[in-house]
Amino acid sequence: MAMAADGDHCRLPDDSLFLGFDCSTQSLKATVLDAGLTAVAHDAVHFDSDLPHYATHGGVLRDPSGGDPGRVVSPPLMWAEALDLLLARLAPRVDYARVAAVSGGAQQHGSVYWKRGAAAVLASLDPARGLAPQLAAALATTESPVWMDSSTAAQCREVEAAVGGALELARMTGCRAHERCTGPQIRKMYQARRRVYDDTERISLVSSFMASLLVGGYACIDETDGAGMNLMDITTRELRRDALEATAPDLEDKIGKLAPAHAVAGTLSPYFVQRFQFSSNCLVVQWSGDNPNSLAGLTLSDPGDLAISLGTSDTVFGITDLPEPSLDGNILPNPVDPKTYMVMLCYKNGSLTREDVRNRYADGSWDVFNKHLENTAPLNGRKLGYYYNEPEILPPLPVGFHRYVVSSSASGSLDEMVEHQINQFDPPSEVRAIIEGQFLSMRGHAERCGLPVPPKRIIATGGASSNQIILKTMASIFGCSVYTVQRPDSASLGAALRAAHGWICNQKGKFVPVSCLHSDRLNRTSLSIKLAAPFGDSEEDIDLLNNYTLLMKKRLEIEQKLVEKFGRHS
């Protein structure tokens, strides 16, 4: 069979295709790459509109029972039905028999509870029927707690106390116990719904749940997505007995073994071979989290680079050789390089909060929103806004809106900057306040976690990365040029690249660097990036950056006062 790639060491078969999925909060997307790493097909299923019978809003159900504030869940059967629907939509454009490997990414932290005997159901799926009706009896509960859930504060504190405190848990597992983390979510399931927990044979993350559907059996949780559970030792990449015992009894058997992200989970199950005419030799490479897949899709490889994903949640991530766990961020193994780590900051108030400001202050129009942003001067007259439509992760603050105007003396020192709280800004200032505020917060927390500021460059992705005015503001605040990718769906693109990478590693029988797939030809692939917002080095640019630096420090100072007054972490 003819091969394609530069060099002999990482060649993909000429006619092969690689399929990557992204099971995010609001949709299931797919990207297909050919052997030259060019995207040849893409499609998506939007949960709310394409599967309305699940009655989700933004892909989730909020407190369905009515008695547990902060509880946010999704129906895993919806994700399964979306997989069937998406493959059916892609079928006219993709010859599935040519797909050599499949992988995927999924929203992180969410947990799925398989009932005892579910493995037999997975192994005997009828290709003449859809996935969802066959899987209904295989789940111990039809609800999966997801990353937006903020109902586990008590469990977080219990887990942290059991292992010696929040910072100690971060040193052990890569992050403190955040309410979204899987471990505290499992503990709550054990405490509040004991029958469900006892009836559970296996607990999957959303990523390993989707991989399990594809292989027709329980797929392992991968080490990268597994780092978001508060259960895995970040150094040895094995489950920690003390963390397991602090969470729930008999948990190790329910979690199962962990696997490297580049490993093969199995071959595609007969269900997909017969229903969609895939090859029976098609490999399923371990699924991972959506943010780690974005890191792969953005080809982030230099510790000086920073990526910012502007999606339902906003995330900031970079690569480090020497992780420094902190109370702010998450440390995860790099999904495409076992020797390095990914540092990630996650903000719950992302695109939906920007949309709320658009609806309130820009007539529901992005055009008006952009004009407001253009017509207000950088620094926004030192107006600082804190917009939390959802309980925030960074900083740990409840729903609320806080607005300040900061005055300062001619010397411009931080000590002489005084904030005055007000009820609201004029509409253009509200728009600039949400954008500047989000980026100032990202920069401040990134510095605390040891990420490079200013970075060598930022690679932006996600829906808002197509907004030139937002990217220009990002460049001014971080003090570096901003690049974007050809395709905003970096998670499904990264999953397709990881499918190809896992295929190569499997062929070689060992790990090989992912760069061998695209070395010296990155610009000829769908992974190429382009300059979107340059950062100038004029005196005016540097002066603006210095003023933003001062405003960032003031923002963090006010933020700390808000946390002391309203914060959810003790």
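Here the structure is a predicted model, which means the values were calculated and not measured. For this chain, numbers begin at 1 and follow the sequence in order.
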Salt bridge present between Arg187 and Glu158 (N-O < 4.0 angstrom): yes
- request: Return the set of residues passing salt bridge (Lys or Arg N to Asp or Glu O under 4.0 Å) with Lys554 (not counting sequence neighbours), or none when no residue passes.
  value: Glu419, Glu557
statement: What one should report as the nearest heavy-atom pair of Pro303 and Asp321 is CG-OD2, 4.4 Å
Asp314 side chain near Arg354 side chain, heavy-atom distance below 4.5 Å: yes
Exercise: identify the closest heavy-atom pair between His262 and Pro338: CE1-CG, 4.3 Å
field: Full working for side chain to side chain donor-acceptor pair (under 3.5 Å) between Ser288 and Asp225
entry: CA-CA 5 Å; Ser288 190; Asp225 209 12; 5.4 Å; no
message: I want to check something: taking the side chain as every heavy atom from C-beta on, are Thr353 and Tyr347 in contact at a cut-off of under 4.5 Å?
response: no
task: Check the surroundings of atom NE2 in His57: do more than 12 heavy atoms from other residues, nucleotides or ligands lie under 6.0 Å from it?
output: no
- prompt: Do Leu213 and Phe209 have side chains that get closer than 4.5 Å, going by heavy atoms?
  reply: yes
message: Applying salt bridge (charged side-chain N to carboxylate O under 4.0 Å, His left out) to Glu179 and Lys348, what does each step give before you reach the verdict?
response: CA-CA 11 Å; Glu179 290 158 332; Lys348 193 182 289 189; 5.6 Å; no
task: Mark yes when over 12 heavy atoms from residues, nucleotides or ligands other than Arg241 sit less than 6.0 Å from its CZ; otherwise mark no.
output: no
Asp290 side chain to Gly105 backbone, donor-acceptor under 3.5 Å: no
Residue pairs passing the ring pair (Phe, Tyr, Trp, His ring centres under 6.0 Å) test where at least one lies in residues 142-173, sequence neighbours excluded: none
query: Which pair of heavy atoms, one from Leu86 and one from Ala30, lies closest together, and at what distance?
result: CD2-CB, 3.6 Å
task: State whether the side chain of Thr247 and the backbone N or O of Ala243 hold a donor-acceptor pair below 3.5 Å, judged by distance alone.
output: yes
query: Can you check whether Pro75's main-chain N or O pairs, donor with acceptor, with Ser144's side chain at less than 3.5 Å?
result: no
- line: With sequence neighbours left out, the residues meeting side chain to side chain contact (heavy atoms under 4.5 Å, CB included) with Ser492 are Asp22, Lys29, Thr31, His42, Asp489
- request: Check whether any side-chain heavy atom of Pro396 lies under 4.5 Å from a side-chain heavy atom of Val563, and answer yes or no.
  value: yes
message: Given the ring of Tyr404, does Arg555 sit roughly above its face, with NZ or CZ under 6.0 Å from the centre of the six-membered ring and within 45° of the axis?
response: no
- request: Just grab all the salt bridge (charged side-chain N to carboxylate O under 4.0 Å, His left out) pairs involving residues 443-454, residues at least two apart or on different chains.
  value: Asp328-Arg448, Arg443-Glu447
field: Residue pair Asp222, Arg498: steps toward the salt bridge (charged side-chain N to carboxylate O under 4.0 Å, His left out) verdict
entry: CA-CA 13 Å; Asp222 84 290; Arg498 287 187 50 253; 5.5 Å; no
Where Arg176 and Glu160 come nearest, the two heavy atoms and their spacing: NE-OE2, 3.1 Å
message: Please check: side-chain N/O of Tyr197 versus main-chain N/O of Pro249, any donor-acceptor pairing under 3.5 Å?
response: yes
field: Donor-acceptor under 3.5 Å (Thr200 side chain, Val196 main chain)
entry: yes
task: Quick one: sort the Tyr218 and Trp114 rings into parallel, tilted or perpendicular, breaks at 30° and 60°.
output: tilted
message: Testing the basics here: between Ser326 and Leu167, what is the closest heavy-atom pair and its distance to 0.1 Å?
response: CA-CD1, 4.3 Å
- prompt: Is Lys254 paired with Asp250 through a side-chain N to carboxylate O contact shorter than 4.0 Å?
  reply: no
- prompt: So how far is it from Leu451 CG to Asp305 CG, rounded to the nearest 0.5 Å?
  reply: 11.5 Å
statement: Between Asn389 and Val399 the two heavy atoms that sit nearest each other are O-CG2, 3.4 Å
- prompt: Do Glu430 and Arg403 meet the salt-bridge criterion of a basic N to acidic O distance under 4.0 Å?
  reply: yes
- prompt: What distance do Ser313 atom OG and Glu392 atom CD have between them, rounded to the nearest 0.5 Å?
  reply: 9.5 Å
task: Kindly indicate whether the side chain of Arg432, heavy atoms from C-beta on, has any atom under 4.5 Å from the side chain of Phe425.
output: no
query: With no hydrogens and no angle check, do the side chains of Gln26 and Thr312 hold a donor and an acceptor under 3.5 Å apart?
result: yes
- prompt: Hey, are Asp356 and Arg360 close enough for a salt bridge, meaning a charged N less than 4.0 Å from a carboxylate O?
  reply: yes
- request: Start with the C-alpha distance between Glu355 and Leu352, add both sets of side-chain angles, then the distance that settles side-chain contact (heavy atoms from CB on, under 4.5 Å), and finish with yes or no.
  value: CA-CA 5 Å; Glu355 286 170 18; Leu352 298 180; 3.8 Å; yes
- prompt: So is Arg237 actually on top of Tyr341's ring, under 6.0 Å and inside 45° of the axis?
  reply: yes
Flag side-chain contact, heavy atom, 4.5 Å: Gln108 against Leu332: yes
field: Note: Arg171-Glu168 ion pair, threshold 4.0 Å (strictly below)
entry: yes
field: Contacts of His501 that satisfy ring-ring contact (aromatic ring centres under 6.0 Å, His included) - sequence neighbours left out
entry: Phe511
message: Exactly one of Pro335, Ser207, Pro333 should register a side-chain contact (heavy atoms from CB on, under 4.5 Å) with Pro292. Which one does?
response: Pro335
task: For Arg180, check salt bridge (Lys or Arg N to Asp or Glu O under 4.0 Å) against everything at least two apart and list the hits.
output: none
message: To the nearest 0.5 Å, what is the distance between CZ on Phe317 and OG on Ser294?
response: 5.0 Å
- request: State, yes or no, whether a side-chain contact exists between Ile255 and Leu231 at a heavy-atom distance under 4.5 Å.
  value: yes
- prompt: Below 4.5 Å, heavy atoms only, C-beta onward: do Gln424 and Phe401 meet side chain to side chain?
  reply: no
message: side chain to side chain donor-acceptor pair (under 3.5 Å) for Thr141 and Arg193? Distances and angles first, verdict last.
response: CA-CA 10 Å; Thr141 174; Arg193 302 181 69 190; 3.3 Å; yes
statement: d(Cys220 SG, Leu205 CG) to nearest 0.5 Å is 11.5 Å
query: To the nearest 0.5 Å, how far apart are CG in Leu551 and CG in Leu414?
result: 10.0 Å
statement: In this structure, CE of Met189 is separated from OH of Tyr113 (nearest 0.5 Å) by 4.0 Å
